[in-house]
Structure formats: C-alpha cells, structure tokens
Amino acid sequence: MKESPFKGKRGMSRVVNALGYSLDGLGAGWRNEAAFRQVSMLAVAGIVAAFVLPLPAWARAVVVGSHVLTVIVELLNSAIEAAVDHTSLEKHHLAKRAKDLGSAAQLVCLGNLALMWALALFGR
C-alpha cells in the first residue's frame, strides 16, 4: 500500500502543515456547518458567562472544559457526516448508523454540558 506523500514531512514543516490543516478544518466547519457555528457561539457565550459569574475555580474549569468538548465532538460529528456523504449519498443503514452515532455523541455531550452547568450553579 502506498503511503500518503504528506506523511514524510518531519520537524517544524510537519508542525506548520498540521497547523494549516487544522485551521482549514476550523474554517470549513464555520463556513459549512450550521451546527458547528451554533455550538461555537454557545461555547463563547458559556465561557464568558463562566468568567463573569462568581463561580469557584473548579466550576469554571469544568464548564469551560465541557464547552470545549462540545466543540470537539461537533467537529468529529461533522467529519463523520462529510466522510459518509463523500462515500455515497444513497440511503444505507450503515451510513444512517454512522451519522446517528455521531449525533448521539453530541447529544450526550450537550447533556453533560447542561449537567456541569447545573452542578456549577447549584452544587455548592
């Protein structure tokens, strides 16, 4: 099997390329995925609120971490959807399962976020 020509880079050129690909991914998510934009705006608002409200440091850390996790999971969910759609746009039970599992991961993550906010606000 032939390796990717991008796998041969080493050192700082690999790091610079990886950073560029990551920024491209964030840009693609923002431009093409409404759910990513929504979760990102929720994260910005929630993180600002975590620092404005008089919360203990542990609560801030948990809430900020949970918001970051929702953004990460949405990026992965969007990647799954894009990969499945690239493979085929035909309806298939495995494609549905892959997309549903990605969506379920985000639902669990958002449930965790709500629970962490509840603990931060009312768990004193």
Side-chain angles (χ1 to χ4, degrees):
M1 179 187 292
K2 187 174 179 180
E3 289 288 327
S4 167
F6 302 108
K7 293 293 182 185
K9 298 197 185 319
R10 298 185 192 279
M12 283 307 293
S13 67
R14 189 197 69 74
V15 172
V16 169
N17 283 346
L19 176 61
Y21 300 143
S22 297
L23 294 174
D24 288 348
L26 288 171
W30 187 263
R31 281 187 309 278
N32 302 308
E33 301 293 335
F36 177 71
R37 290 190 298 274
Q38 292 166 346
V39 169
S40 296
M41 289 186 282
L42 177 66
V44 168
I47 291 169
V48 168
F51 283 95
V52 169
L53 295 172
L55 298 175
W58 70 264
R60 277 194 186 103
V62 167
V63 165
V64 168
S66 295
H67 275 291
V68 170
L69 185 61
T70 63
V71 172
I72 293 167
V73 170
E74 187 54 44
L75 286 167
L76 294 172
N77 184 34
S78 295
I80 290 167
E81 290 180 357
V84 167
D85 289 347
H86 170 73
T87 302
S88 174
L89 294 176
E90 292 180 24
K91 289 190 179 226
H92 191 279
H93 70 280
L94 292 175
K96 180 180 181 348
R97 185 187 308 169
K99 289 182 171 192
D100 288 352
L101 288 167
S103 181
Q106 184 58 286
L107 178 64
V108 170
C109 200
L110 289 167
N112 175 72
L113 177 62
L115 178 62
M116 294 306 105
W117 264 111
L119 287 173
L121 294 172
F122 308 115
R124 297 179 191 194

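These numbers come from a predicted model, not from an experiment. Quick note: numbers below take in every heavy atom, side chains included, and nothing from hydrogens, waters or symmetry partners.
A heavy-atom distance below 4.5 Å is found between the side chains of L113 and L42. Within the 4.5 Å cutoff, side-chain heavy atoms of K99 are placed close to those of D85. At least one side-chain heavy atom of L121 sits under 4.5 Å from a side-chain heavy atom of L55. Taking the side chain as every heavy atom from C-beta outward, M41 and V44 never approach each other to under 4.5 Å. You'll find the side chain of V39 stays beyond 4.5 Å of the side chain of V73, heavy atoms only. A 4.5 Å side-chain heavy-atom check between L26 and L75 finds at least one atom pair inside the cut-off.
I80 and A98 get closest at one heavy-atom pair: CG2-O, 3.7 Å. Between F36 and W30 the shortest heavy-atom distance is CD2-N, 3.4 Å. M116 and S66 get closest at one heavy-atom pair: CG-OG, 3.2 Å. When every heavy atom of N77 is checked against every heavy atom of G102, the shortest pair comes out as OD1-C, 3.1 Å. Here the shortest heavy-atom pairing between V71 and S40 reads CG2-CA, 4.3 Å.
In this structure, NE2 on H67 lies 13.0 Å from CD1 on I72, to the nearest 0.5 angstrom. To the nearest 0.5 Å, atoms CG (D100) and CG (L107) are separated by 11.5 Å.
Cluster membership for W117 and L69, using ILVMFWY side-chain heavy atoms within less than 4.5 angstrom, is not shared. Hydrophobic clustering of Ile, Leu, Val, Met, Phe, Trp and Tyr side chains at less than 4.5 Å, counting indirect connections, unites L53 with F122.
A donor and an acceptor atom, one from each side chain of E74 and T70, are nowhere located under 3.5 Å apart.
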